[in-house]
Amino acid sequence: MRHLTRRAALAAGGLAALAAPALRAQGVVSDGVVKLGVLDDMSGVFADQQGMGDVVSARMAIEDFGGRVLGASIELIHGDLQNRADVGLAIARRWYDQDKVDAIFGVGNSAVALAVQPLAQEKRRIAVATAPGTTELTGKACAPLGVQWTYDNYALAKGTVTPLVRGGGRKWFFITSDYAFGHSLEQNAADLVRRLGGEVAGAVRAPLGETDYSSHLLRAAASGANVVGIAAAGLDLVNIVKQMGEFGLARRGIQPAALLCLLTNVRAMGLQTAQGLVFTEAYYWDQNDETRAFARRFEAIHGRPPTMMQASVWGAVTHYLNAIRDAGTDAAEPVMARMRATPINDFMTRNGRIREDGRVIRDMYLLRAKRPQDSRSEWDLLEVAGTIPGEEAYRPLAESECPLVRRT
């Protein structure tokens, strides 16, 4: 009897020893689960380029990772910020305080991102901005637990403005969405136009979601500009380019410069209108075998290839989950330290890195909309006209206003 009792005790001890690593792994994850949130425009002018496509990409990343990290399950929730900073901030606060979300991705637009990033710092959680472009996120408003993952307005402006000014587009007029993103994009582009020896003839501000740009386009034509810089995105951008065509501005030698344009925008414009349009992006689905393979998987779920924002969510979520695994915890500070220390390599990024101001440094691409006769399929809309190395694409660290940047 004593022999059986001893055997049972040894068996129980062996089971406990086998269970110990799992228990220890579970113990280093707060609340026993890693919870991610995708906060985006799900129903407004930017829904096509981020929205549920970002959610699809995040789910793909979680599934590809295996659905668990450090023995804990990975959960995903999503919310619609309705392009309002107060709504986005309220959702983020509820997620951090009540739903115990560990990290928020997407963050919809620049005004929302500028509200959420300091909240994440206060709550000691992580915010990864894959959609917003304002350079303030890695400038004066930079934060130790914030990352600007996909692009920024400096890189967009530099990639697009430089070839246009050097090609003769020296006099610019800006039509700008009247919120943080548009203001930042216009400022970065206008500064670069002047630095390259060009001239800014004027600018107008338009409310987000405006539908009639006729008065703005008449002012642009009257200014004598030969380039209209469009510091707008989503449906606003599409409407401006279409109305430029209707007003015959191109026939008068006035070129549109799309400072943030995406695959879905070109599809909405149609190649007859968009052909020849040049702009800068971080990703195009038809670049190489890896980008095409991801796009096929994404399209099978979402019905279309991903935009650069949607594709980048996969890399951001994967990098975050890898950092949790390597840090042995989901606590924000050690996870962010691992994210910053680890190079970024995936289907859209080669040897990327998170700079000390929170800016991800990655190559950018100058894209050109194809002529209708050169398109082979519904989404064969663009061609890569050039590559801008990451170290050249973004504002030099020496010019940064980020208080985290070490000064020498």
Side-chain angles (χ1 to χ4, degrees), residues 22-42 50-82 87-108 112-113 115-132 143-150 301 309-310 312-340 342 346 354 358:
L23 290 172
R24 284 197 297 271
Q26 192 77 9
V28 295
V29 172
S30 59
D31 310 305
V33 63
V34 172
K35 186 173 285 190
L36 315 183
V38 172
L39 181 60
D40 271 325
D41 176 6
M42 301 292 178
Q50 41 179 274
M52 288 305 296
D54 281 8
V55 178
V56 167
S57 196
R59 284 178 179 153
M60 290 172 66
I62 292 168
E63 291 170 6
D64 290 347
F65 198 82
R68 302 183 71 82
V69 60
L70 299 179
S73 63
I74 305 165
E75 295 182 3
L76 180 69
I77 62 176
H78 60 83
D80 185 355
L81 50 79
Q82 300 174 39
V87 173
L89 183 60
I91 293 172
R93 189 178 297 278
R94 185 180 74 245
W95 282 0
Y96 286 144
D97 287 346
Q98 298 175 25
D99 298 327
K100 308 303 180 185
V101 167
D102 296 288
I104 294 177
F105 297 83
V107 208
V112 176
V116 168
Q117 185 157 278
L119 175 68
Q121 189 63 36
E122 174 193 332
K123 303 296 182 180
R124 297 179 64 192
R125 308 293 174 85
I126 286 172
V128 183
T130 55
L145 299 177
V147 176
Q148 192 169 25
W149 186 267
T150 312
I301 302 168
M309 295 173 185
Q310 293 164 344
S312 74
V313 171
W314 187 97
V317 170
T318 300
H319 195 70
Y320 171 72
L321 295 175
N322 280 331
I324 292 177
R325 180 197 61 203
D326 295 344
T329 177
D330 67 342
E333 288 84 357
V335 169
M336 182 57 71
R338 291 302 308 170
M339 290 176 71
R340 291 175 180 269
T342 306
D346 57 45
I354 302 175

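In this chain, numbering begins with 1 at the start of the sequence shown. Both backbone and side-chain heavy atoms feed into the values below; hydrogens, waters and symmetry mates do not.
Trp95 approaches Leu39 most closely through the heavy-atom pair CZ3-CB, 3.8 Å. Here the closest non-hydrogen pair linking Gly51 and Met42 is C-SD, 3.4 Å. The heavy-atom pair separating Ala127 from Val116 by the smallest distance is CB-CG1, 4.4 Å. Contact detail for Ala131 and Gly108: the closest heavy-atom pair is CB-O, 3.5 Å. For the pair Arg340 and Gly146, the tightest heavy-atom approach, listed with the atom from each and the gap, is NH2-O, 3.7 Å. Taking both residues in full, the closest heavy atoms of Gln82 and Val87 are given as NE2-CG1, 4.1 Å, listed atom of the first, atom of the second, then distance.
With sequence neighbours left out, Lys123 forms a side chain to side chain donor-acceptor pair (under 3.5 Å) with Asp97. With sequence neighbours excluded, the residues satisfying side-chain contact (heavy atoms from CB on, under 4.5 Å) with Ala332 are Ile126, Leu145. The side-chain contact (heavy atoms from CB on, under 4.5 Å) check on Ala316 picks up Phe105, Val128, Thr130, Trp149, with sequence neighbours excluded. Contacts of Glu122 classified as salt bridge (Lys or Arg N to Asp or Glu O under 4.0 Å), with partners at least two apart in sequence or in another chain: none.
No donor-acceptor distance shorter than 3.5 angstrom exists from the side chain of Lys100 to the backbone of Asp31, with no hydrogens or angles considered. Between the Asp102 side chain and the Lys35 main chain, a donor and an acceptor come within less than 3.5 Å of each other. Between the side chain of Gln148 and the backbone N or O of Pro132 there is at least one donor-acceptor pair closer than 3.5 Å. Listed for the Gln50 side chain is a donor-acceptor partner under 3.5 Å among the backbone atoms of Asp41.
Side chains of Val107 and Gln117 form no contact here, defined as non-hydrogen atoms less than 4.5 Å apart. Side chains of Asp40 and His78 form no contact here, defined as non-hydrogen atoms less than 4.5 Å apart. At least one side-chain heavy atom of Ile104 sits less than 4.5 Å from a side-chain heavy atom of Tyr96. Counting heavy atoms from C-beta outward, Val34 and Leu36 have side chains that approach closer than 4.5 Å. Residues Thr318 and Asp64 have side chains not in contact (no heavy-atom distance under 4.5 Å, counting atoms from C-beta outward).
Among residues at least two apart or in separate chains, side chain to side chain donor-acceptor pair (under 3.5 Å) pairs with a member in residues 319-334 are Ser30-Asp330, Arg124-Glu333, Asn322-Arg325.
Atom CG of Leu89 and atom CG of Leu81 lie 11.0 Å apart (nearest 0.5 Å).
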Give the table of side-chain donor-acceptor pairs shorter than 3.5 Å for residues 54-62, with sequence neighbours excluded, one pair per line with atom names and distance.
{"residue": "Ser57", "atom": "OG", "partner": "Gln310", "partner atom": "O", "Å": "2.7"}
{"residue": "Ser57", "atom": "OG", "partner": "Trp314", "partner atom": "N", "Å": "3.1"}

